[in-house]
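The structure appears below as structure tokens.
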Amino acid sequence: MAIPLQITVDARDPRRLAAFWAVALGYVLQPPRPGYLVSSGDGAREEQYTAIVDPAGIGPRILFQRVPEPKKLKNRVHLDVNAGHGALDRRAAVRSHMSQLVAAGASMVREMREESGWWIVLTDPEGNEFCLQ
């Protein structure tokens, strides 16, 4: 039996990053759990955590947690988003999804062509690299 997996991502703005990744993966925002809202010090409350889930219940839950520092170095782990999976024209499907992601805040870094395949490297709104294939 496999062990359930949750992916946790540090974020300056967990709600914004969760919303982006929900678009990228076809996930939905999970309602906040108790303790997810914390005082920001000025009487307001902000989300310390925001989670997204696969609506089919198959993929891992992804939790975005607020951290004070910005991202500084290259990711040591990244996600490969397989937007072209099962498409008759895989590159067209990938490019179409890339357009949606750029509109949602992604930035294209480079297109890669190697003997092993083709993919596009992007960054999410907080600079985390991921591959779209």
Side-chain angles (χ1 to χ4, degrees):
M1 180 168 92
I3 297 171
L5 172 69
Q6 171 176 286
I7 299 168
T8 303
V9 178
D10 290 349
R12 297 283 298 211
D13 185 344
R15 170 62 71 166
R16 178 175 183 232
L17 208 51
F20 170 82
W21 281 102
V23 170
L25 301 174
Y27 274 40
V28 296
L29 288 170
Q30 186 178 53
R33 293 183 175 175
Y36 276 26
L37 296 175
V38 296
S39 174
S40 63
D42 59 3
R45 294 173 64 77
E46 61 185 15
E47 280 188 278
Q48 183 65 30
Y49 305 99
T50 304
I52 59 173
V53 293
D54 177 354
I58 297 168
R61 179 175 186 258
I62 303 177
L63 178 72
F64 299 87
Q65 65 182 2
R66 184 176 303 281
V67 296
E69 69 277 354
K71 179 184 173 293
K72 293 184 180 174
L73 301 172
K74 184 182 184 307
N75 312 13
R76 296 296 294 201
V77 174
H78 71 265
L79 301 181
D80 289 339
V81 179
N82 296 311
H85 180 74
L88 293 176
D89 186 342
R90 189 172 74 86
R91 289 187 187 207
V94 168
R95 289 191 192 289
S96 174
H97 197 57
M98 183 180 75
S99 294
Q100 292 176 332
L101 297 180
V102 168
S107 296
M108 182 180 165
V109 176
R110 65 187 165 278
E111 188 169 325
M112 302 294 297
R113 286 185 182 92
E114 293 183 356
E115 189 174 334
S116 62
W118 170 84
W119 65 95
I120 300 171
V121 179
L122 297 113
T123 57
D124 70 16
E126 292 199 10
N128 299 301
E129 289 185 6
F130 65 100
C131 294
L132 189 61
Q133 52 195 24

What heavy-atom pair brings [X] and [Y] nearest, and what distance separates the two atoms?
X	Y	value
A18	L29	CB-CD2, 3.7 Å
G84	A93	CA-CB, 4.1 Å
Y49	L63	CB-CD1, 3.8 Å
R61	A51	NH2-CB, 3.4 Å
P125	F20	CD-CG, 3.5 Å

Test item: [X] and [Y] side chains (from C-beta on) under 4.5 Å apart, heavy atoms:
X	Y	value
I62	Q6	no
M112	I120	no
R95	E111	yes
V81	W21	yes

List the steps, then state whether side chain to side chain contact (heavy atoms under 4.5 Å, CB included) holds for E129 with L122.
-> CA-CA 6 Å; E129 289 185 6; L122 297 113; over 6 Å; no
Establish, from distance only, whether the side-chain atoms of [X] and [Y] form a donor-acceptor pair under 3.5 Å.
X	Y	result
W119	E114	no
R66	Q48	no
Q133	N82	yes

Take F64 and R15 through the side chain to side chain contact (heavy atoms under 4.5 Å, CB included) test and state the conclusion after the steps.
-> CA-CA 8 Å; F64 299 87; R15 170 62 71 166; over 6 Å; no
Treating [X] as the side-chain partner and [Y] as the backbone partner, does any N or O pair qualify as donor plus acceptor under 3.5 Å?
X	Y	answer
Y27	P60	yes
D124	A106	no
H78	C131	no
K74	R76	no
E126	P70	no

Does CG in L5 sit with more than 12 non-hydrogen atoms of other residues, nucleotides or ligands closer than 6.0 Å?
-> yes
If you measure from OG1 on T123 to CE on M108, what distance do you get to the nearest 0.5 Å?
-> 11.0 Å
Going through the checks in order, is the side chain to side chain contact (heavy atoms under 4.5 Å, CB included) test met by L17 and N128?
-> CA-CA 10 Å; L17 208 51; N128 299 301; 4.0 Å; yes
For side chain to side chain contact (heavy atoms under 4.5 Å, CB included), just list the numbers for L101 and L132, CA-CA rounded to whole Å, side-chain angles, deciding distance to a tenth of an Å, and then say yes or no.
-> CA-CA 10 Å; L101 297 180; L132 189 61; 4.3 Å; yes
